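Computed from a predicted structure; not experimentally measured.
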2 protein chains.
Amino acid sequence: MNSRACRDRSAQRAVVVKALAHPSRLMIAEALADGERCVCELTALIGADMSTVSKHLALMKSVGLIEPEKRGLNVYYRLSCPCFADLLRCVDLITRKQAAALQRVAG
Amino acid sequence: MNSRACRDRSAQRAVVVKALAHPSRLMIAEALADGERCVCELTALIGADMSTVSKHLALMKSVGLIEPEKRGLNVYYRLSCPCFADLLRCVDLITRKQAAALQRVAG
DNA sequence: CGGCTACTTGGCTATTTTGCCAAGTATGAA
DNA sequence: TTCATACTTGGCAAAATAGCCAAGTAGCCG
């Protein structure tokens, strides 16, 4: 096994995973999985300053997770990869398993 | 759509995603996907201080991603959820798409 | 043109994360 | 018991993230 290649691959993956590693960004991603949204819609959903949301979006865009399209005054974002929905499902499998484990501990 | 529920769900997901959002932790996860490893093997693989690796492992364990088993002097870790392999595949789909996009920009 | 809305960017502070060293625990061997 | 190995934990300093405000850009309408 090539340790250097493994390291590089992990670094690349980390860039994508980090771009999702925040509650607000996961909310954005989930909303976009349902269809495109403009920044003000996402801002209302998240309940933070628009500048904050805009920076989250810029980060997600920079790693290729989402794509913007300007129409009139609004900028609409959409997921650039439908495979993201699968990723969310994988995460949920783990969170459910985690919840079950906590149940066992508590019960 | 219940905004509060969405917020909670995203917070839960973020806990899991954050536990993967680091190159070393992704290396660990990839290694464990191939089978259990003890801490010193992982330390050699990653090339950091053992205390650092141990803290990464503690974090991953705390969110239920991995499970330890002590045998003699060693502690062996394994993935607690095989679905993690799927998650890695999802991430790779995105990184490949990202790489393709960069290609287009460069070319 | 001026003013309005939608959004982005700069800059700053507060918080979180990371990684090393040092010190502690646990197990096995002599 | 003493020593060595494997690992964890505490603590600290450096680095990365997050979020707000203020200021800037861009498109529409009068």
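For the pair B/Met50 and B/Thr43, the minimum side-chain heavy-atom distance is below 4.5 Å. Under the 4.5 Å side-chain criterion, counting only non-hydrogen atoms from C-beta, A/Phe84 is in contact with A/Leu20. Side-chain atoms of A/Ile94 and B/Cys83, non-hydrogen and from C-beta on, do get closer than 4.5 Å to each other.
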Short N/O separations, protein against nucleotides 5-7 of chain C, under 3.5 angstrom:
residue : atom : partner : partner atom : Å
C/dA6   : O3'  : A/Leu73 : O            : 3.4
C/dA6   : O3'  : A/Asn74 : OD1          : 3.2
C/dC7   : OP1  : A/Val39 : N            : 3.2
C/dC7   : OP1  : A/Val75 : N            : 3.1
C/dC7   : OP2  : A/Cys40 : N            : 2.7

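With rounding to whole Å, B/Arg37 atom CZ is found 18 Å from D/dC7 atom C1'. Atom CG in A/Leu20 sits roughly 12 Å away from atom P in D/dA18 (whole-Å rounding). Following rounding to the nearest Å, A/Ile28 (CD1) and D/dG19 (P) show an atom-to-atom distance of 10 Å.
Under 4.0 Å is where a charged nitrogen must lie from a carboxylate oxygen, and between B/Arg89 and B/Asp92 no such pair does. At a threshold of 4.0 Å, the pair A/Lys61-A/Glu67 does not count as salt-bridged, since none of the basic side-chain nitrogens sits closer than that to a carboxylate oxygen. With respect to B/Glu30 and A/Arg7, no salt bridge is recorded, no charged nitrogen being found less than 4.0 Å from a carboxylate O.
Taking the ring centre of B/Tyr76 as origin, the terminal cationic atom of B/Arg37 falls outside the region bounded by 6.0 Å and 45° from the ring axis.
Contacts of B/Cys38 classified as disulfide bond (SG atoms under 2.5 Å apart), with partners at least two apart in sequence or in another chain: none.
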*Which parts of nucleotides 15-24 of chain C does protein reach within less than 4.0 Å, heavy atoms only, written one letter per nucleotide 5' to 3' as B for base, S for sugar-phosphate only and - for none?*
--SSSBBB--
